[in-house]
Chemist: 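First the structure, which I've put down as structure tokens, then a few questions once you've had a look.
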Amino acid sequence: MLAAVVVALSLLGGASPASAHAVMTGSDPREGTVLKTAPQQVTVTFDEPVALVESSLRVLDPDNRPATAGDPTHADGRADTARVRLTDGLGRGTYTVSWRVVSADGHAVSGAFTFSVGAPSQTRAVATAPAVDPVVRALHGTARYAAYAGLALLIGATVFVLACRPTPAAARTAHRLAAAGWWTLLASTALLLLVRGPYDSGDGAGGALDPGLLRHTAAGRPGIALLARLALLLAVALPARNRQPITAPTRRSGTAAALWALALAATWAAADHAAVGIQVPVAVAASMLHLGAMTVWLGGLAALLTALYRAPAEEPLPPTAVARFSRIAMTAVAVLAATGVYQSWRGLGSFEALFTTDYGRILAFKAWAVLLMLAVARHSRRYTHHLLHVPEQERTPVTVGGGGPPPPDRGTDGARRTEDDTPHPAPEPPDHRRRLRRSVLAETAVGVVVLALTTVLTASQPGRAATEAASVRPVVPGQPDVNLTMIPFNTGSTALAGRGRVQITLEPGRVGRNVVEAVVYGADGSPVTVPELRLSLTLQDRHIGPLDAHLADEGGYWGSDTLELPIAGTWTMRATVRTSDIDQVTVERTVRIGP
């Protein structure tokens, strides 16, 4: 499986990126800029459609007070934007923009940036709270894990009864296991439906019963998927209907069960990573098959384990039933491997992401856990083979001898003799059934870990999106994604603009194209207008430059979006400020440009 993942990534790693967990790609005003006059609104742009709630876009003034007028909306009807109007009469200082949206894959993301009016202030608004309340996040994660476990028990135990044809006693045990899975899935789905509103809005757990949040949940894609899951569960009403296990399945019942299971799996695939990004139809189908194969394998293991341990002595589980499940499990593993390789490629995007992103590291742990399950499963298959092919007389210890003279090394009582003629009991044949129980128990225990890793993986930002986010915003949310440099100057003139400082912003301050914005401040710290401002950068140790930034007067500040910096390193930034026809000075500072 690992080799297949490596080959797939190396062959397909150059495909276009898939979006998941929305990434902020731009804003107006831009992050870190200093404006001459206060803006009337703030707009944030993302790389995919996002859902908005009342607190999706907040602006705080330098004293940490709200500066917005109204609720956020999509700008010009574009679903990948968020816009909020600002109050009139905004003063000078630095403002914090805090955004929090729900991605198209149903996961909440947040961040923050700053801009200034007039001049940066010494005091700035504090960063906002996490995207999801910790209690709500814990409830949401627990319910997701319980939902996976309930689905596995429900589907796996049902398949075990329908396909393996166990004894009536084992079928009754599996039926009770499936009923427990049904109830677990029903309760966890109901809990997910309740906490979805606070999860989207960022409120505490107390908002779970808020009618407004419930209506918001029911109108969104995750809420619709959860309601469909409840409908499918109530349609079969497993605990309320026939409580007798199915011992003679028909082709019609098997087909209906398979279609119902695929529909149930679709309620996950339609509202998760598979529903956004590239190749959505293929991804949704692969996700359904992957989830279905996982539930058949893990849930069937639980049913097999229960049957092996609880089967009455007079009605043990027949080896043929174990062999049928072994064949089903191998088919499930093949489906898991094929769909897992595709999902790994789609989620990671590059081999490096396997080691550099949280998604890749969790995926690697899951792959190792599955490999461990396969290693244990190999022993289970071997013990199953022995149960099927060991002669009947070796399955139950019998007395050796009778009908003729005993072998030379045995007495008439069937015991082995030694040189001192002391009898010793004959060794019993190995208990393959007991070893099979232990092997299946170990396999199920590892399966519990796989379920936990699956839950964490589906809640993590895919490697593709993480790489894309790093290329767009490589800094911690709340910190400017810019390189800001202050250069003092003094032309020798006594005029207000004769001395002061130049604030130069490089966005993003890395190798490649950079947006340059420069503001000139006078001696009293207020923005001033100068007739000319030139800027160039030189990398002296590599003999590169000077590279002219080609600044243009934008009315209140000087700007350019054509500066290309080819190499990371410590560059010398040289600014020439002309404040009058005869007053001019050139000053410089070093600036670090990242890769």
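Being a predicted model, the structure only gives us computed values, none of them experimental.
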Chemist: Side chains of Leu186 and Leu234: closer than 4.5 Å at any heavy-atom pair?
Modeler: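 Yes, their side chains come closer than 4.5 Å.
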Chemist: Counting distance only, does the side-chain N/O of Thr43 pair as donor-acceptor with the main-chain N or O of Ser27 below 3.5 Å?
Modeler: no
Chemist: Where do Gly212 and Asp210 come nearest, in terms of heavy atoms and distance?
Modeler: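 Gly212 and Asp210 have their closest heavy atoms at N-OD1, 2.9 Å.
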Chemist: Going by atom types only, do Arg196 and Thr217 share a side-chain donor-acceptor pair under 3.5 Å?
Modeler: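 Note: Arg196 and Thr217 side chains miss the donor-acceptor criterion.
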Chemist: Rounded to the nearest 0.5 Å, how far apart are OH of Tyr148 and OG1 of Thr295?
Modeler: 11.0 Å
Chemist: May I ask you to test the Val59-Thr96 pair for a side-chain heavy-atom distance under 4.5 Å?
Modeler: no
Chemist: Is Val161 close to His175 at the side-chain level, that is, under 4.5 Å between some pair of heavy atoms?
Modeler: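 With C-beta onward as the side chain, the pair stays apart.
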Chemist: Could Arg144 and Trp268 be counted as a cation-pi pair, given that NZ or CZ must be under 6.0 Å from the ring centre and within 45° of the axis?
Modeler: no
Chemist: OH/Tyr309 to CG/Leu317 distance, rounded to the nearest 0.5 angstrom?
Modeler: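 Tyr309 OH to Leu317 CG: 13.5 Å, rounded to 0.5 Å.
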Chemist: So, the side chain of Ser439 versus the backbone of Val376: is there a donor-acceptor pair under 3.5 Å, distance only?
Modeler: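 At least one qualifying donor-acceptor pair exists.
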Chemist: Is the shortest side-chain heavy-atom distance between Leu193 and Leu230 below 4.5 Å?
Modeler: yes
Chemist: Shortest non-hydrogen contact from Ala303 to Ala174?
Modeler: CB-CB, 4.4 Å
Chemist: Would you call Leu60 and Val97 a side-chain contact if the rule is heavy atoms closer than 4.5 Å?
Modeler: no
Chemist: Taking the six-membered ring for Trp, are the ring centroids of Trp99 and Phe113 within less than 6.0 Å of each other?
Modeler: no
Chemist: Closest heavy-atom contact between Ala208 and Leu214?
Modeler: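 Where Ala208 meets Leu214 most closely, the heavy atoms are O-CD2, 3.8 Å.
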Chemist: Of the options Leu371, Val449, Thr454, which is the one that meets Lys366 in a side chain to side chain contact (heavy atoms under 4.5 Å, CB included)?
Modeler: Thr454
Chemist: Nearest 0.5 Å, what's the CZ-CG distance between Arg438 and Leu305?
Modeler: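 Going from the CZ atom of Arg438 to the CG atom of Leu305 covers 13.0 Å.
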Chemist: Which of parallel (below 30°), tilted (30 to 60°) and perpendicular (above 60°) describes His140 and Tyr199?
Modeler: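 Rings of His140 and Tyr199: parallel, as their planes differ by under 30°.
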Chemist: Determine whether a donor-acceptor pair (N or O, by modelled atom type, separation under 3.5 Å) exists between the side chain of Thr158 and the backbone of Leu154.
Modeler: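 Present.
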Chemist: For the pair Arg78 and Asp80, find out whether any cationic side-chain nitrogen is under 4.0 Å from an anionic carboxylate oxygen.
Modeler: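 Yes, this pair counts.
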Chemist: Roughly how far, to the nearest 0.5 Å, is CZ of Phe46 from OG1 of Thr81?
Modeler: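 Rounded to the nearest 0.5 Å, the OG1-CZ separation comes to 8.5 Å.
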Chemist: May I ask you to decide if Ala283's main-chain N or O and Ser287's side chain share a donor-acceptor pair within less than 3.5 Å?
Modeler: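 Between the backbone of Ala283 and the side chain of Ser287 there is no qualifying donor-acceptor contact (under 3.5 Å).
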Chemist: Taking it one step at a time, do Val84 and Asp71 satisfy side-chain contact (heavy atoms from CB on, under 4.5 Å)?
Modeler: CA-CA 6 Å; Val84 67; Asp71 295 335; over 6 Å; no
Chemist: Within a reach of under 6.0 Å around CZ of Phe365, are more than 12 heavy atoms found that belong to other residues, nucleotides or ligands?
Modeler: no
Chemist: Could you check whether any side-chain heavy atom of Met288 comes within less than 4.5 Å of a side-chain heavy atom of Val284, counting everything from C-beta outward?
Modeler: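 Yes. Closest side-chain heavy atoms under 4.5 Å.
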Chemist: For Ala147 versus Leu185, what's the shortest heavy-atom pair and its separation?
Modeler: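 Scanning both residues, the minimum pair turns out to be O-CD1, 3.5 Å.
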Chemist: Step by step, work out the side-chain contact (heavy atoms from CB on, under 4.5 Å) result for Leu139 and Leu194.
Modeler: CA-CA 10 Å; Leu139 290 173; Leu194 290 175; over 6 Å; no
Chemist: State, to 0.1 Å, how close Val446 and Ala369 come at their nearest heavy-atom pair, and which atoms those are.
Modeler: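 For Val446 versus Ala369, the nearest heavy atoms are CG1-O, 3.4 Å.
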Chemist: Do side-chain atoms of Arg324 reach the backbone of Cys164 as a donor and acceptor pair under 3.5 angstrom?
Modeler: yes
Chemist: For the side chain of Thr267 and the backbone of Ala263, is there at least one donor-acceptor N/O pair under 3.5 Å apart?
Modeler: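 No, because the side chain of Thr267 does not come within donor-acceptor range (under 3.5 Å) of the backbone of Ala263.
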Chemist: Test Leu264 against Arg229 for side-chain contact (heavy atoms from CB on, under 4.5 Å), laying out the working first.
Modeler: CA-CA 6 Å; Leu264 201 57; Arg229 190 182 305 169; 3.8 Å; yes
Chemist: At their closest point, which heavy atom of Val136 faces which heavy atom of Pro198, and how far apart are they?
Modeler: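 Scanning both residues, the minimum pair turns out to be CG2-CB, 3.9 Å.
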Chemist: Working to the nearest 0.5 angstrom, can you tell me the gap between Leu374 CG and Trp297 CH2?
Modeler: 4.5 Å
Chemist: Just by distance, do the side chain of His74 and the backbone of Ala82 share a donor-acceptor pair under 3.5 Å?
Modeler: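 No; zero donor-acceptor contacts below 3.5 Å.
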Chemist: If you define the side chain from C-beta out and look only at heavy atoms, does anything of Val236 sit under 4.5 Å from Leu232?
Modeler: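 Val236 does not reach Leu232 side chain to side chain.
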Chemist: Quick check for you: to the nearest 0.5 Å, what is the distance between Leu441 atom CG and Leu301 atom CG?
Modeler: 10.5 Å
Chemist: Please step through side-chain contact (heavy atoms from CB on, under 4.5 Å) for the pair Met373 and Leu298, ending with a clear verdict.
Modeler: CA-CA 10 Å; Met373 281 190 70; Leu298 300 184; 3.4 Å; yes
